[in-house]
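Following: one structure in structure tokens, then a few remarks.
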Amino acid sequence: QVHRSFYDEVGGHETFEKLTSVFYREVAADEILRPMYPEEDLGPAERRLRMFLEQYWGGPRTYSEERGHPRLRMRHQPFTIGPIERDAWLRCMHTAIASIDDDTLDPPHRQALVDYMEMAAQSMVNSPF
Ligand code: HEM
């Protein structure tokens with residue numbers, strides 16, 4: 001193979017499925033985040049995050065086929081995201097990343113994922129408190 005994407009390198013769909021499933025299990029139990037989600041069923045939100053992340057890391061482009069350009073900052077405008085919400089989101093995501101074993105996610109790939117999530121979460125902040 002001439003070019004393997006990050007998506008392929010970390011185990012493809014199975015890995016992103018695990019990541020978002022653990023993430024939303026944590027969201028469901030989080031008293032800051034859970035009330036922010038408009039829908040009772042977190043399944044559709046989980047699927048959107050998974051499709052977005054798969055696309056971002058070089059996997060299938062299903063997210064944009066269904067939702068168009070991500071424009072994530074704009075899509076998060078309806079929600080007040082300050083440092084508390086950002087840190088709650090990152091806490092769930094760190095738990096999700098930690099649930100992927102070292103054979104699937106070696107240290108450099110793990111670090112790349114953590115760095116991206118921290119940058120992305122900060123960029124979604126739209127409130128000073
Ligand atoms: C959607 C919260 C950060 C990706 C949502 C929704 C909420 C939310 C409440 C609506 C649920 C839905 O209907 O999909 C937050 C909070 C964050 C955060 C509190 C704290 C920083 C992020 C980050 C990413 C992300 C860092 C990407 C790396 C998405 C995606 C959607 C979404 C892809 C669905 C957008 C769509 O297609 O409608 N988020 N989010 N979020 N979020 Fe976040």
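Counting convention: from 1, in listed order, for ligands and their atoms alike. Residues: numbered from 1 along the sequence shown.
Considering backbone and side-chain N/O atoms, Arg67 comes within less than 3.5 Å of an N/O atom of ligand 1. The distance criterion of under 3.5 Å between nitrogen or oxygen atoms is not met by Arg86 with respect to ligand 1.
Few gaps surround CD on Glu118; more than 12 heavy atoms of other groups in view lie less than 6.0 Å from it.
Not a single heavy atom of Tyr56 sits less than 4.0 Å from an atom of ligand 1.
Of all the atoms in ligand 1, the ones that sit under 4.0 Å from a non-hydrogen atom of Ala120 are 26 (C), 28 (C).
Hydrophobic clustering (ILVMFWY, side-chain heavy atoms < 4.5 Å, transitive): Met74 and Met124 are in distinct clusters. Taking hydrophobic clusters as Ile, Leu, Val, Met, Phe, Trp and Tyr residues chained together by side-chain heavy-atom distances below 4.5 Å, Met36 shares a cluster with Val27.
For residues 68-84, no pair satisfies salt bridge (Lys or Arg N to Asp or Glu O under 4.0 Å), with sequence neighbours left out. Counting only residues at least two apart or in different chains, salt bridge (Lys or Arg N to Asp or Glu O under 4.0 Å) contacts with residues 42-57 comprise Glu17-Arg50, Glu39-Arg48, Arg47-Glu66, Arg50-Glu54.
For the residue pair Trp89 and Ala121, the shortest heavy atom distance occurs at CE3-CB, 4.0 Å. His109 approaches Val10 most closely through the heavy-atom pair CD2-CG1, 3.5 Å.
A ring-centre distance under 6.0 Å is found for Phe16 and Tyr7. Outside the 6.0 Å centre-distance limit, the rings of Tyr116 and Phe6 are not counted as a close aromatic pair.
Counting only heavy atoms of the protein, atom 2 (C) of ligand 1 lies nearest to Tyr37 OH, 3.6 Å. Protein heavy atom at the shortest distance from atom 28 (C) of ligand 1 is Tyr116 OH, 3.6 Å. Closest to atom 14 (O) of ligand 1 among all protein heavy atoms lies Arg48 NE, 3.0 Å. In this structure, atom 19 (C) of ligand 1 lies nearest to the protein heavy atom Met36 CE, 3.7 Å. Residue, atom and distance of the protein heavy atom nearest to atom 37 (O) of ligand 1 are Tyr63 OH, 2.5 Å.
Taking CG of Leu113 as the start and CG of Leu19 as the end, the distance is 6.0 Å to the nearest 0.5 Å.
Between Ser123, Pro78, Ala121, it is Ala121 that holds the heavy atom closest to atom 21 (C) of ligand 1.
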Got a list of side-chain donor-acceptor pairs under 3.5 Å for residues 78-86, not counting sequence neighbours?
unit_1, atom_1, unit_2, atom_2, d
Glu85, OE1, Gly82, N, 2.9
Arg86, NH1, Gln122, OE1, 2.6

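With a cut-off of 2.8 Å, the protein N/O/S atoms near atom 43 (Fe) of ligand 1 add up to 1.
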